[in-house]
Structure formats: C-alpha cells, structure tokens
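Since the structure comes first, as structure tokens, the remarks are kept for the end.
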Amino acid sequence: MDYLSSLNEPQYEGVVNTEGPAMIIAGAGSGKTRVLTYRIAYLIKEKGIDPFNILSLTFTNKAAREMRERIESVVGNDARNLWMGTFHSVFARMLRAEADRLGYPSNFTIYDTEDSKSLIRAIVKDFGLDDKVYKPNVVLNRISGAKNRLVSWQEYTTNPLYKADDDTAMKPEMGRLYKTYCQRCFKANAMDFDDLLFNTNVLFRDHVDVLNKYQHRFKYVMVDEFQDTNVSQYTITKKLASVSQNIAVVGDDAQSIYAFRGANIENILNFEKDFPDLKIIKLEQNYRSSQNIVNAANSVIDMNKSQLKKTVWTANDEGSKIELIKSVSDNEEGRFVSSAIFEQKAQKGYASSDFAVLYRTNSQSRAIEEALRKSGIHYKIYGGLSFYQRKEIKDLLAYLRFVINTNDEQSFRRIVNLPKRGVGVASVEKMIVAAFEHDIPLWEVLTNVEHFVSGRAANAVKDFVTLIKSFKISVETKDAHEAASHIAKNSGLIKELYDDKTIEGLNRYENVQELLNAIKEYVDTPEVEEKGIGAFLQEVALLTNQDNENDQNTDFVTLMTIHSAKGLEFKNVFIVGLEEDLFPSQMMLSSRADLEEERRLFYVAITRAKENLYFSYALSRYRYGRLLNCEPSRFIEEVDPSYLKVNTRYGSREPKLGQSFETPAVSSRYARNLVQSRKAQTKKPLQYHKPSPDFKPSDTSELQEGAKVEHPKFGFGKVAKMDTDGANRKAKVIFEDFGEKTLLLTFAKLRIVE
DNA sequence: GACTCCGATCTTTTT
DNA sequence: GATCGGAGTC
C-alpha cells in the first residue's frame, strides 16, 4: 500500500473508488496519469482482480506504452495480461477475432488515410465528378464525420437532412460517394481507421452474444483523455460497461483540442446522463507549474464560455513572469529563441532538454531549426512525415499487404507497376472496373486477366500473378523477416533503390533495410507468438510516429506542435508564432466554438511549462514562399497583463501591453494578401468547355445511344454506349474535344442536343 | 505506356 | 517552397 501514501485526497479517491461509474476531471498538471496507473495497480494488488478482466483505453500508442511500463513497475509481470492500448488497436484485435460475424475475413487490411484518399479520388473520377468540388480531403472528412457519429451510409443516403446539408454545400453526390466508398472498402477486404470503431459498434449492435462475452470479460473499463472521445468511441465503452457499471473516465474539458477530428465534449454531459450513479472527482491542484503560469493559464481559459466549473490552483512558488518577445521576422524570432536558450543554459545551468519550443504548425520549425543549428544547440523535431508514411516503406508494405490480402485494391494499384513492368493506368482501371462489373474478387480478374485486358499488359499481369503466388508460398513457409526479405529482393524493389545512387535514393535504400531490421526485431521478440507477415502487418498498420528511440544523445531542445505536446511538461517553454491568423489559425475563425478550441490549445501550451514561459511573435513571416505581414495574436492580450512582462533585451521596438491590438474579425491582412497574390497570378488557360448560355440539364432517363449531348465541362459529344451497373445507369460518351468518358447518369448534368 | 512539365494546394493529428 | 497529381507529348 506504500505507493498510495504519496497521493493527495482527491487523487486517493480516484484510485480506490473502483466500483461503479466514476468521472475524474483532472486539471492540467494534476497527476491524472498517476491516478489511472495506481487505480489499475490497486485493482490488481489490493482487490485481487485478474488483469485479464481490465480494459484500459488511450489515444496514442505512446500513452499506452508509458502506462503499461508504470503499472509494471508497481505490480510486476501481472500487467502483461492487461488489455491496454489505443481504441483502434484494441478493437482491431477484437474485430479480427470476430470478423466472420461481419462478413469480413480475419486477415482484413487496414487502410490508412492515404489509401482512403486515393480510393476516394478514384471513385470521384469513376463518377465523372469534378475533383475541384469533391476534394478527397473534404469528402473523407465528411465520411469520417458521419462514421464517427455512427451514421451509416444507409442512413446517410435516406435521411433528407444530410442531403439538404450537402445540397447547400453544393456537393449533392456526397451520399453516393459515401456508399460506394464503403462498398469498395468491403470488397477490398479493407477497413479504414474509422471503420475499426464503426464496425465494432455494428458488431455489438447486431450480435448480442458477442457483446455479452466482452461485457463479462471486461469487468473494469478505463478511458484516458476522455474529452477527446467521439460518439463512436464513447458508445463502445458505454456498452461494454453497461453490465458491470465499473467504468472510470479521466479527462479535462479545458484540454479538448481534437474537436476537428470528431471529439465531442458533449460526451462528458452524456456520461452523467448515462450513468446517473456517477461519482465525480475533481483533481484541481497543479503540481507542475509556478503560480504565475497557473494564474496566467486560468486567465486565458476563463474567456471560454463553454466549460465545466473547476479551479486549478497550485502551492508552488510564484515564479517569474511570462516574457514577451517581439521580433521583426520569423528568422529573427529563431535567433532570439536560440540566444535566450543559450543564455539561460549558461546563467542558470539548464540542460538543452529543459527547453521546448512549441508552435501551431509544423512549417514553423524551419526558422527555429536554422537558428539553433547555427548556435550549435542540439534539438529534435517531432512530427512531420513518419517512417511508415515514407513512399519506399509504403511500397514494400503494399507488397506484403497484397500477398496477405489479394483483394486489397489500394495495394494493388501501388505495386502492380512497381517496378515498371508495362502495366499502365488504363489497364489497371480496366481490371478494377471488371472486378466490379462481374462482381468477382479482384484476384479472380488477375488470374484470368486474358479475358479483361489484351496484349503486352496482360502478359505483364500474368508474370505479376506468378510472382505474387510465389510470394504467397514463401509467406506460408517462412517467418515474417525471411518472407519480407525474400519479397523485397524478388519484387525488384531493392534493386531499383540500390541502383539509385542519389542521396535520396541511398536514404530510401537504408529505410527499407531499416524496415527489414524492424521486422527481424519483431520476429525475435520472445513475447510475440505469431511470427508471420500477417501478424506483423496487424501491428504495423496502427503504428505511427514516435517509435525510433535509438537516439544516444538525450540532451536536446524539443521542437513540436502544441498538439503533440499534450501530456508532456518542460521546465522552460517558448510559444512562438503568436500571430493573428496563425494562432488562432485563420481556418479556425469561422465560428465561436472553433475560436474556443484554439484558446484551449493556447491553454495547453501554457500549462506545459514548469518554471519559465516565453511568448514570441514576429511582424513578418514567410508562408507558402511569400513574405507576409503579421499582427500580434489576440491571445497575447487575453492573458492578464499582471503575469506578463516585456523582454527588453530583444526586439527593436517595445510591444505595448494592455492596449488593444485591434484584431480584425475574420478577414485580415494575411487573407487579403493571399487573395491579391492569387489574383495577380498569371493567366490561366481556359481548358474546359464553357456551357452554352441556355444550358439546362435534360432528363436523361430516356437517353439513347447515338444521341448528341452537351456536358458543362467536356462540351459536345455523342453517346456511344448505354450501360447499367447495379442501380447506376452509365453512358459512354465520345466527346469532340475530350474523347471517351463514362458518365454516371444519376449525377452527370447533360443537355440532350438532338 | 512512360516521361515531363505545369499548376493547384497547403492546419492541427491519431489511428 | 515543396509536393503531388493530372494533362500533354513522344
């Protein structure tokens, strides 16, 4: 019990109140991770609960790993059987076991965001829609938003509310895209990230016996960062806990910064409704930061209307005031930050690792990075492209994925002509369309390719199929590392990279070797029971950034976005780029709710600091290759001036405190500059047809072959062939200027000329 | 089918 | 400024 003695009163309550529903509202720096880990340790050690019956959910792999380590340090080996992980990894595992209930094979592929977007791009093209209107990003966000709110495509396409919404947004085909996207994922035996949660909900809804099984298995459920859960995630946990009622959620509404990806603060209110016997525990004492920092943070978050009542306080020293640094340019800002770090290290004996520079967008790291490098201060940038998103890594993984699941459309597209074997885009489209038209698996098309594609391409595909078949054999007989090495070598990927003697080529070659090493490491891990490629892919699909911990030098300044700094703390923190339109972000200013999310982000940034905090802004900054004028952020003046002081050592002119900066509501100099520079861009050649002045789409239900039609974008053409694909009627039209196009008549706006 | 050039786009992020 | 996809050319 000695580990419990270090807790304060509410923390102790949070640990020992294990029976019945509990909500722990944990202010910044109040020791919430500690409460969660001790709670699990308490369950195992003091209450004798089998770790097998405990489920603990987090949002990042890193958080899960850290928590597991901390629990292991208290309870030892018992922690091994805990179900602990991210929502996605835990329920992906569950779905693999129960996949047949949903009509999926257990070796289903997980599509990452890139796969999803590329599939959407393909569908938009198939439908003959304008990809300027239906941007992959926008479409995916819409689909993702629907799934996260548990709106199926069936509901989406029948509920007039969504239709009306999409019509106003001038995107009337969104429902169709959603439907087709789901169907094609299903056909490819693939789930995207949102499906992992959505389908878990479907599983629990339609298969009560499965739900029952897991309800009885998970007698204790815990959710970290509860403010970041979306409806889909919340519904899963609610259902799992509805029998035992032993559910504890931990979160802080003031630190909710992921609404943009579907997180729903309302869950906190719903939780009180769904579990009326709820015990609410508030952790309000901050152990992390100085009084000045805590007070300044409070003064900022008080500006937000929507928040739960909570008073974060600290018994720590008053500390020094926040220093405000003003610079002329982003480069000067970088120099000021690096010299401030240099001075502080020399004067106060800080290490480099005591400093963090936090910014709103990844692109801001450039100026800081340059300055630090010139001063010889070690630094590490977090974020940006992760190892598993690199092209060469995705290529090899696509081979592995395709060998495991030969209906994986996205992997197929990636590798069928890599290295070049003479299969062009046209043939690929033909084969994928054929799989749909005949309603057969993609692999069946490939093994009978001569019926669908002719000539050289067909022979190339035959060789490809033979190659994949040989890979299948090696996957069945070898462990993951041997099989992956075999595939990397015999696919020709390695050779292609090896032959590329440029620096980037060398890098790519090394990256592939590194991936193979990682697979070797995976195979050699004693706890891993399944050593095959399939098992490895399951692991890796849900992995992302913060993996490579093979850094020897541990003394470095941390550079990261505020989003990735959540959950971390540093002695000294610089918040840079405090400029209107950058932070708060221009994109976020369209609604009050969004401004409040930006403000919470600012709050998160402030509360990372333990001892010293610096605000910095520049009067000009390069963005998108253009030098733009900047105005100080409204957030600076929202901080109570009594906690601020101007740093007079830096900056050419003194910024004034307590005086309104006159921040414009929405449109600002940046926006104006951008609009003007867009206008100034040179003439854009008119490529597409201009519809006739009397253009009005005709009723195409009676459209005949041979009819002459006008398309608003492609101009005049003649209908060559009519076709049906399920419920969809298609017309193959040969346009005078744009050649052959297949149009979906349900969408295409056509005027029948004669 | 492969290569090259042009131009549109660009938040935050985890999975 | 850098990247990526599409269109145009051989």
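Computed from a predicted structure; not experimentally measured. In what follows, chains carry the letters A, B, and so on, assigned in the order in which the sequence lines appear, proteins first and then strands, with residues in each chain numbered from 1.
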If you check the A:Asn362 side chain, which of C:dG5, B:dG1, B:dT12 turns out closest? B:dT12

Specify the separation, in whole Å, of atom CZ of A:Phe635 and atom P of B:dT12. 16 Å

Contact nearer the 5' end of DNA chain B, comparing A:Arg421 with A:Met560: A:Arg421

A:Phe615 and ring-ring contact (aromatic ring centres under 6.0 Å, His included): which single residue from A:Phe583, A:Tyr359, A:Phe602 fits? A:Phe602

If only side-chain N and O atoms of A:Ser427 are considered, is one of them under 4.0 Å from the OP1 or OP2 phosphate oxygen of B:dG1? yes

Picking from B:dT13, B:dG1, B:dT11, which would you name as closest to the side chain of A:Thr561? B:dT13

Within this structure, what is the CZ-to-P distance between A:Arg600 and B:dT13, rounded to whole angstrom? 17 Å

Closest approach to the side chain of A:Ala426, judged atom by atom: which nucleotide of B:dT9, B:dT12, B:dG1 is it? B:dG1

Ring-plane angle category for A:Phe87 and A:Phe59, please: parallel below 30°, perpendicular beyond 60°, tilted otherwise. tilted

Decide side-chain hydrogen bond (donor to acceptor under 3.5 Å, both in side chains) for A:Ser116 and A:Tyr181; before the verdict, give the C-alpha distance in whole Å, the side-chain angles of both, and the deciding distance to 0.1 Å. CA-CA 9 Å; A:Ser116 300; A:Tyr181 174 78; 3.0 Å; yes

From CD of A:Gln364 over to C1' of C:dG1, roughly how many Å is that when rounded to an integer? 16 Å

Separation of B:dT14 atom P from A:Phe87 atom CZ, nearest Å, is 16 Å

NA contact type, A:Ala92, heavy-atom cut-off 4.0 Å: base, sugar-phosphate, or nothing? nothing

CZ of A:Arg121 versus P of C:dA7: gap in Å, rounded? 12 Å

With a 4.0 Å cutoff (strictly under), does any side-chain N or O of A:Asn417 reach OP1 or OP2 of B:dA2? yes

Are A:Glu539 and A:Arg93 within salt-bridge range, i.e. N to O under 4.0 Å? no

Where the side chain of A:Thr60 is defined as all heavy atoms beyond and including C-beta, which of B:dT11, B:dT14, B:dG1 is the nearest nucleotide? B:dT14

Would you kindly give the CG-to-C1' distance between A:Leu358 and B:dT12, to the nearest whole Å? 13 Å

Just how far, in rounded Å, is C1' of B:dT11 from CD of A:Glu598? 9 Å

Nearest listed nucleotide, side chain of A:Tyr258, among B:dT13, B:dG1, B:dT11: B:dT13

Relative to each other, are the rings of A:His563 and A:Tyr258 parallel, tilted or perpendicular (30° and 60° limits)? tilted

A:Asp112 CG to B:dT13 P, in whole Å, measures 17 Å

Among B:dT11, B:dT13, B:dT9, which nucleotide has an atom closest to any side-chain atom of A:Ser564? B:dT13

